[in-house]
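I have placed the structure first, in the form of structure tokens, so that the comments after it can refer back to it.
Residue numbers run from 1 in the order of the sequence given. Below, each value reflects all heavy atoms present in this structure, side chains not excepted, and no hydrogens, waters or symmetry copies.
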Amino acid sequence: MNDSAPVGELLRQWRQRRRLTQFDLAEMAEISTRHVSFIETGRSLPSRAMLLRLADRLDVPLRERNALMTAAGLAPIYAERPLDHPAMREAYAAVELVLYAHEPHPALAVDRHWNLIQHNRALAPMLAGVADHLLARPSNVLRAALHPEGMAPNILNLGEWRAHILHRLRHQIETSRDPVLEALYAELEAYPAPDDFDPNELTGAAHVAVPCRMRTAFGDLSFISTTTVFGTPMDVTLAELAIESFFPADAATARAMREFGASLAPSAGAG
């Protein structure tokens, strides 16, 4: 997406990305189709309130909502502060609380580009053997997962897990058109792939809960993952932060993680 484009052009691009007609958007925003057309062609300059209404109906991310405001000659609405900013202290504490409360199961927090922000101690068995250069900050968790010197050699269903990650990343790119994610996708896709799995076998249902099966020092472990995001973020950083939580996919994994958890010293919390 060309962020230097006029606001009407940016809105048109978002509408088309969402596969909506001008009539569809007009109905959703409770305005006339003519009004939508005038805004997109630049014959009418939207107010701040109208921009927010259209952005909400189009599910535009906060970062891009700021870009819409700037393109319309308005001041950005949403702040973007690092997690170590004093104003973000409570939010970061909440992230750490979720991560540590999930032990003895692995959990990690990532930014919009899948760079690792924080993780709990239960992630250690999954990272064993990963090359140091893949763990050096900023560490990208998708790169660490699929790189030949990363987790890939220990992932028992690498073909399935790789197809799942690429499918998920492609969907994220279609939603955001983020060039950093596009470059990451091209890199990951170029990594060696096992020839014993057909990506077409990954059905729609499988995308919901594809297990990650790994060979570890604690035996073969199998996990499914869920994603948690902040429900009503008013800050760009928080809106783009996600927590990936892994749960045992079978009884053997649950037992192994309980044993691993028993070996951990009591957590002092998110400290």
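- A distance of 9.0 Å separates CG in D59 from CE in M28, rounded to the nearest 0.5 Å.
- Listed here is the closest heavy atom pair of L68 and L51: O-CD1, 3.7 Å.
- Taking CZ from R177 and CD from E182, the interatomic distance works out to 7.0 Å, rounded to the nearest 0.5 Å.
- Smallest separation of non-hydrogen atoms from L188 and R162: O-NH2, 4.0 Å.
- Here OG of S47 is found 8.5 Å from CG of L52. Values are rounded to the nearest 0.5 Å.
- One finds the CG atom of L58 at 11.5 Å from the CG atom of L10 (value rounded to the nearest 0.5 Å).
- We find the CG-NE2 distance between N140 and H113 to be 9.5 Å, quoted to the nearest 0.5 Å.
- T253 places no side-chain N or O within donor-acceptor distance of the main-chain N or O of A249, the cut-off being under 3.5 Å.
- In this structure, the ring-ring contact (aromatic ring centres under 6.0 Å, His included) partners of H105, at least two apart in sequence or on a different chain, are H102.
- Partners of R63 by salt bridge (Lys or Arg N to Asp or Glu O under 4.0 Å), not counting sequence neighbours, listed by chain and number: E80, E240.
- Here R213 does not pair with E160 in a salt bridge; the nearest charged N to carboxylate O distance is not below 4.0 Å.
- Checking R12, R18, R57 one by one against L25, the side chain to side chain contact (heavy atoms under 4.5 Å, CB included) holds for a single residue, R57.
- In this structure, L45 and V7 have side chains that are in contact, with non-hydrogen atoms separated by less than 4.5 Å.
- Classified by interplanar angle (parallel below 30°, tilted 30° to 60°, perpendicular above 60°), the ring pair H147/H133 is perpendicular.
- Atom CG of D111 and atom CD1 of I117 lie 5.0 Å apart (nearest 0.5 Å).
- In this structure, the side chains of I31 and R53 come closer than 4.5 Å at one or more pairs of heavy atoms.
- Judged by a 6.0 Å distance limit and a 45° cone about the ring axis, R170 is positioned over the six-membered ring of Y185.
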Exercise for the section: Go through E96 and Y100 one step at a time and tell me if the side-chain hydrogen bond (donor to acceptor under 3.5 Å, both in side chains) criterion holds. Expected result: CA-CA 6 Å; E96 289 197 313; Y100 282 89; 5.4 Å; no
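- For R17 and E174, the salt-bridge test fails: no basic side-chain N is under 4.0 Å from an acidic carboxylate O.
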